[in-house]
Amino acid sequence: PFVAGYDRFGRHGEIDVLAAGRLLLSELSCTACHASDEAPLAPKSGPRLDGVADRLDERWLRRFLASPQTVKPGTTMPDVLAGIPAVERETTIAALLAFLSTQHEPWPVLKAGGANPVVHRFWERGNVENGRRLYHTAGCVACHEADADYETAQVKPSPLDELLAQLDPEEIAELGLAAAVRAVNPVPHPDLPAKYSRQSLTFFLLQPETIRPAGRMPGLKLEPAEAADIAAWLLREQSAPITL
């Protein structure tokens, strides 16, 4: 499983080993089963299941339940069906899908204003090229991987960057600045075109905290058209839009 805070700091010994352990106990939801009264060890809860039948493609969900790590590398979702005999797994997955298929919820109603127009069925009008630009400028690539072909604007190096350019690796380590030059692993995306429709991904980008209250994905204060554009870019390889 990929835990961003541990991958960036705990793995390299830049936070106390006890703090790193506490981070993993919480982020991996160990204390959901192994109870603890310590507030910092409270388990991180998963996404809400309200409306999951409208948000996720059933074929993707079936594969995810069968093998979470295969379908979404790095997920902190455990393979809860691992101990079930293969013959019973399909029956169990079918039963879970039957229940999840009943979990519907109306899409949020967005209120338009003079400065914030909302076009009818705006999620269908996403512009791929503008979505590509927004993906690389609105904050997505602070955590997720950038497109290797995207040309970023030249910016003046900061004083810290100029200092680091003059030091060798040993001097950087002695000054405690190793984290400043270390490449940070991006948070991996799942197979987005297989998982989402344009509508469901657009609404998730608008208000990620409503679906993942305990998640680490921040709201980027996007306008509806901007969320639709980013969704169009992320789903650009979808052979045919998934309709709900």
Side-chain angles (χ1 to χ4, degrees), residues 2 4 7-8 47-48 51-61 63-64 70-75 105-158 161 183-212 215-244:
F2 182 87
D7 188 74
R8 183 167 186 175
R48 291 176 55 210
V52 70
D54 305 311
R55 293 199 310 271
L56 306 184
D57 182 81
E58 183 178 321
R59 294 163 296 181
W60 182 90
L61 192 54
R63 292 190 293 114
F64 183 67
T70 300
V71 174
K72 186 182 178 184
T75 183
E105 186 175 62
W107 297 103
V109 177
L110 305 183
K111 295 183 179 179
N116 182 33
V118 179
V119 178
H120 179 61
R121 297 182 71 86
F122 61 91
W123 55 87
E124 295 178 345
R125 300 170 180 265
N127 180 285
V128 172
E129 282 307 310
N130 194 48
R132 181 174 186 251
R133 179 188 65 81
L134 287 168
Y135 177 80
H136 291 89
T137 58
C140 304
V141 295
C143 296
H144 299 290
E145 188 169 16
D147 181 5
D149 297 330
Y150 187 80
E151 294 185 9
T152 56
Q154 290 288 337
V155 296
K156 182 181 178 181
S158 69
D161 290 332
V184 178
N185 292 320
V187 177
H189 284 304
D191 183 356
L192 296 174
K195 181 178 181 181
Y196 290 107
S197 68
R198 282 200 177 191
Q199 184 176 19
S200 61
L201 183 54
T202 297
F203 275 99
F204 173 70
L205 292 171
L206 280 171
Q207 297 178 313
E209 70 282 357
T210 63
I211 296 170
R212 299 180 182 175
R216 304 298 177 251
M217 167 88 174
L220 297 176
K221 301 183 185 291
L222 299 170
E223 298 293 338
E226 293 175 327
D229 288 349
I230 294 175
W233 160 251
L234 292 172
L235 302 181
R236 64 194 180 280
E237 296 178 1
Q238 197 172 74
S239 56
I242 299 172
T243 56
L244 301 174

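Residue indices begin at 1 and follow the sequence shown. A quick note: this is a predicted structure, and the numbers were derived from the prediction, not measured.
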**Q** Output all residues satisfying side chain to side chain contact (heavy atoms under 4.5 Å, CB included) with Ala142, sequence neighbours left out; order by chain, then residue number.
**A** none
**Q** Look at the rings of Phe203 and Trp123 and say which category their plane angle falls in: under 30° parallel, 30 to 60° tilted, over 60° perpendicular.
**A** tilted
**Q** Taking all heavy atoms of Leu110 and all of Val118, pick out the closest pair and write down the distance.
**A** CB-CG2, 4.2 Å
**Q** Please tell me if the side chains of Leu56 and Tyr196 come closer than 4.5 Å, counting only heavy atoms from C-beta onward.
**A**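 Result yes, sub-4.5 Å side-chain heavy-atom pair found.
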**Q** Is the shortest side-chain heavy-atom distance between Leu205 and Leu220 below 4.5 Å?
**A** no
**Q** I'd like to know if the side chain of Arg125 and the backbone of His120 have a donor-acceptor N/O pair within less than 3.5 Å.
**A**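 A pair under 3.5 Å: yes.
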**Q** Any idea which heavy atoms bring Asp54 and Glu105 closest together, and the distance?
**A** OD2-N, 3.0 Å
**Q** For Arg63, I'd like to know if atom CZ has over 12 heavy atoms of other residues, nucleotides or ligands within 6.0 Å.
**A** yes
**Q** Do the side chain of His136 and the main chain of Asp147 share a donor and acceptor less than 3.5 angstrom apart?
**A** yes
**Q** So Asp149 and Arg132, do their side chains get closer than 4.5 Å, heavy atoms only?
**A** yes
**Q** Which pair of heavy atoms, one from Phe2 and one from Asn185, lies closest together, and at what distance?
**A** CZ-O, 3.6 Å
**Q** State, with a plain yes or no, whether a side-chain heavy atom of Val141 is found less than 4.5 Å away from one of Tyr150.
**A** no
**Q** Which atoms form the tightest heavy-atom contact between Pro208 and Pro218, and what is the distance?
**A** CG-O, 3.6 Å
**Q** I need the Leu234 CG to Arg236 CZ distance, nearest 0.5 Å.
**A**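 Reported to 0.5 Å precision, the distance equals 7.0 Å.
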**Q** Specify the closest pair of heavy atoms between Thr202 and Pro224, including all atoms of both residues, with the distance to one decimal.
**A**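 What the structure gives for the nearest pair is CG2-O, 4.3 Å.
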**Q** Would you please name every residue forming a side chain to side chain contact (heavy atoms under 4.5 Å, CB included) with Gln207, sequence neighbours left out?
**A**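 In terms of side chain to side chain contact (heavy atoms under 4.5 Å, CB included), with neighbours along the sequence ignored, Gln207 is linked to Pro108, Glu209, Thr210.
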**Q** Is the shortest side-chain heavy-atom distance between Trp233 and Leu134 below 4.5 Å?
**A** no
**Q** Shortest non-hydrogen contact from Arg198 to Gly126?
**A**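 The answer is NH1-O, 3.7 Å.
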**Q** With rounding to the nearest 0.5 angstrom, report the SG to NE2 distance, Cys143 to His189.
**A**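 Result: 10.0 Å between the selected atoms.
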**Q** Once rounded to the nearest 0.5 Å, what's the spacing between atom CD of Gln199 and atom CD of Glu124?
**A** 8.0 Å
**Q** How long is the span from the CG atom in Leu201 to the CG atom in Leu235, to the nearest 0.5 Å?
**A**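 The CG atom of Leu201 sits 5.0 Å away from the CG atom of Leu235.
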**Q** To the nearest 0.5 Å, what is the distance between CZ (Arg55) and CZ (Phe204)?
**A** 9.0 Å
**Q** Quick one: which residue pairs count as a side chain to side chain donor-acceptor pair (under 3.5 Å) with a foot in residues 215-229, not counting sequence neighbours?
**A** Glu27-Arg216, Asn130-Asp229
**Q** From Leu222 CG over to Ile230 CD1, what is the distance, rounded to the nearest 0.5 angstrom?
**A**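 Going from the CG atom of Leu222 to the CD1 atom of Ile230 covers 4.5 Å.
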